[in-house]
Amino acid sequence: MRAGRTLAAEVIAMTGAHKETSVRTSYDVIVIGGGAGGLNAALVLARARRSVAVVDSGEPRNAPSAHMHSFLSRDGVPPLTVLETGRAEIARYGAVRIEGRVDQVEARDEGGFVVRLDGGASLDARHVVLATGLRDQLPEIPGVRPLWGGDVHFCPYCHGYEVRDRKIVVLGVHPASAGQALLLRQWSHDVVYVPHDRPLADEERERMDARGVQVVEGPVTTLLSKDGRLHAVEVADGRTVECAGVFLFPKMSPNDSAFDGLGCERDEQGWLVTDRAGRTSRPGLWAVGNVVDPRAQAVTAAGMGAAAAFALNHDLVDEEIERDLAAHRAAAGSASGADAETEVATDAETDADAETGSGVVAPVSAA
């Protein structure tokens with residue numbers, strides 16, 4: 001926390017709230033990440049009348065893309081427009097969006113979690129949903145980064161249709177790149193695969209031939225563009241391959257460092273393991289979207305967020321039933337104890353009356 005500022009002041013600064021009385025620092029659920037998965041989880045939970053805060057850095061993975069595709073009713077809409085709509089929707093039901101980053105999530109001994117924010121402020125939550133996505137590590141090939149999300153893509157289902165029937169070049173920068181080239185043949189008859197620094201095995205080359213994918217040998221030296229638009233790929237011997245789009249498979253790693261130290265189970269690749277509802281191995285911690293599934297599109301992440309929210313709310317209800325049941329039984333036990341004490345006192349009074357004859361009517365003697 002910055003010197004001289006209260007926790008409430010910190011949260012006001014992040015939320016844009018103007019009245020300290022409108023700020024809370026304890027929630028049923030804190031969602032970390034404000035993409036489709038996190039916002040949809042927050043929407044469902046807020047409509048279930050849960051107190052929800054979404055901590056959002058405002059840096060979605062799909063921000064470089066001009067349009068989002070394969071999302072029913074949102075196809076062709078700019079990604080940021082979808083997020084702005086989602087933010088307005090969760091606010092309508094009382095969920096709070098906090099602009100900021102989460103440094104760490106810590107478990108409380110008595111249950112629940114502390115969510116520590118960049119800058120020092122902290123929030124309390126009964127449950128936490130991680131929806132922070134992943135990081136795309138792009139190859140260090142000149143021209144790739146400036147064109148990423150424009151004419152350089154990863155997902156054929158997101159952007160393959162936009163370059164249909166035109167020349168597509170696939171860069172061999174990942175073990176899955178050859179399969180990506182074979183898949184893209186579905187969208188265009190003119191697909192070129194450049195192995196770059198990953199030579200093709202004989203079986204892979206045979207599959208390329210059978211599928212009608214041309215192979216151009218040699219490492220890629222640069223992507224050539226003009227006025228911000230791709231027009232060719234250059235290889236080491238100076239040859240250029242003109243094309244309308246480039247696809248590559250980036251190295252992906254989850255944005256889940258906030259969970260470090262909580263002992264959550266991970267698979268052999270290092271990704272968090274969850275059940276179908278998004279539960280991690282740590283009770284109360286949930287994860288949805290690309291942070292657990294690199295294949296998830298925005299529409300998939302939104303569905304995962306909804307599924308987690310349904311299950312999470314049921315877990316909260318179960319917790320509350322157990323709490324209420326314990327309180328009910330304790331109250332019933334206290335009442336029974338009080339009744340027993342009253343009964344003992346009444347019996348004692350009766351015994352005392354018997355000893356003193358008090359209250360006993362003597363028989364009338366016959367004349």
Side-chain angles (χ1 to χ4, degrees), residues 14 29-42 52-65 68 79-80 82-83 86-87 90 97-107 113-119 121-123 125 127-139 145 148-149 154-155 158 174 176 248-275 277-282 284-305 307-309 312:
M14 290 180 287
V29 185
I30 292 178
V31 179
I32 306 173
L39 289 175
N40 215 43
V52 182
V54 177
V55 182
D56 182 10
S57 67
E59 298 174 342
R61 180 190 180 201
N62 58 3
S65 298
M68 187 171 65
L80 293 181
V82 174
L83 296 184
R87 292 165 186 168
I90 68 167
R97 177 176 175 266
I98 300 172
E99 290 187 13
R101 297 179 182 276
V102 172
D103 282 341
Q104 193 172 13
V105 178
E106 300 171 1
F113 303 90
V114 179
V115 178
R116 302 198 182 279
L117 308 181
D118 183 23
S122 62
L123 305 171
H127 286 237
V128 171
V129 178
L130 188 66
T132 46
L134 56 77
R135 297 183 299 277
D136 291 310
Q137 183 177 329
L138 301 178
R145 192 169 297 278
W148 181 244
F154 156 62
C155 175
C158 301
H174 189 277
L248 60 84
F249 211 116
K251 181 180 179 181
M252 303 174 189
S253 54
N255 285 321
D256 60 3
S257 59
F259 276 12
D260 287 348
L262 289 175
C264 295
E265 182 184 354
R266 296 177 182 269
D267 62 21
E268 56 269 19
Q269 282 79 42
W271 295 74
L272 288 167
V273 174
T274 66
D275 67 8
R279 293 183 184 87
T280 70
S281 58
R282 164 75 70 163
L285 287 177
W286 307 70
V288 301
N290 283 148
V291 74
V292 291
D293 184 357
R295 300 168 300 174
Q297 292 182 297
V299 66
T300 316
M304 294 169 74
L312 193 162

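Phe154 and Phe249 have perpendicular rings, their planes meeting at more than 60° on a 0 to 90° scale where under 30° would count as parallel.
Shown here for Val54 and Ala42, the closest heavy-atom pair between the two residues is CG2-CB, 3.5 Å. Ala107 and Leu262 make their closest contact through N-CD2, 3.8 Å (heavy atoms, listed as atom of the first residue, atom of the second, distance). Contact between Leu248 and Pro250 at its shortest, heavy atoms only, is O-CD, 3.4 Å. Of all heavy-atom pairs between Ala41 and Ala309, the closest is O-CB, 3.6 Å. The two residues Cys264 and Thr280 have their closest heavy-atom pair at SG-OG1, 4.0 Å. Looking at every heavy atom in both residues, Asp260 comes nearest to Arg266 through OD1-NH2, 3.7 Å.
Taken from CD in Gln269 to CG in Asp267, the straight-line distance is 5.0 Å, to the nearest 0.5 Å. Interatomic distance, CD of Gln297 versus CG of Asn62, reported as 10.5 Å (0.5 Å rounding). With values rounded to the nearest 0.5 angstrom, Thr274 atom OG1 is found 6.0 Å from Met304 atom CE. The CG atom of Leu285 lies 8.5 Å from the CD1 atom of Ile32; values are rounded to the nearest 0.5 Å.
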Step by step, would you call Asp136 with Met252 a side-chain contact (heavy atoms from CB on, under 4.5 Å)?
CA-CA 5 Å; Asp136 291 310; Met252 303 174 189; 3.8 Å; yes

Let's go through Leu130 and Leu272 carefully: what are the C-alpha distance in whole Å and the side-chain angles of both, what is the deciding distance for side-chain contact (heavy atoms from CB on, under 4.5 Å) to 0.1 Å, and is it a yes or a no?
CA-CA 10 Å; Leu130 188 66; Leu272 288 167; 4.0 Å; yes

Please evaluate residues Val29 and Trp286 with respect to the criterion side-chain contact (heavy atoms from CB on, under 4.5 Å), reporting the C-alpha separation (whole Å), side-chain torsions for both, the decisive distance (0.1 Å), and the verdict.
CA-CA 10 Å; Val29 185; Trp286 307 70; over 6 Å; no

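Between Leu123 and Ile98 the shortest side-chain heavy-atom distance falls below 4.5 Å. Two residues are said to be in side-chain contact when any heavy atoms from C-beta on lie closer than 4.5 Å; Phe113 and Ile30 fail this criterion. Using a 4.5 Å cut-off on side-chain heavy atoms (C-beta onward), Val55 and Leu117 make contact. Residues Pro254 and Thr132 fail the side-chain proximity criterion, which asks for heavy atoms closer than 4.5 Å. Two residues are said to be in side-chain contact when any heavy atoms from C-beta on lie closer than 4.5 Å; Arg61 and Leu134 meet this criterion.
Distance alone, capped at 3.5 Å, places no donor-acceptor pair between the Ser122 side chain and the Val114 backbone. One N or O on the side chain of Asp293 and one on the backbone of Arg295 form a donor-acceptor pair closer than 3.5 Å. Side chain of Asn290 to backbone of Ala296: a donor-acceptor contact under 3.5 angstrom is found.
For Glu59 and Arg101, the salt-bridge test passes: some basic side-chain N is under 4.0 Å from an acidic carboxylate O.
Residues satisfying the salt bridge (charged side-chain N to carboxylate O under 4.0 Å, His left out) criterion with Asp275, sequence neighbours excluded, are Arg279. Remark: Arg135 pairs with Ser253, Asn255 by the side-chain hydrogen bond (donor to acceptor under 3.5 Å, both in side chains) rule, at least two apart or across chains. Listed by chain and number, the residues in a side-chain hydrogen bond (donor to acceptor under 3.5 Å, both in side chains) with Ser281 amount to none (sequence neighbours excluded).
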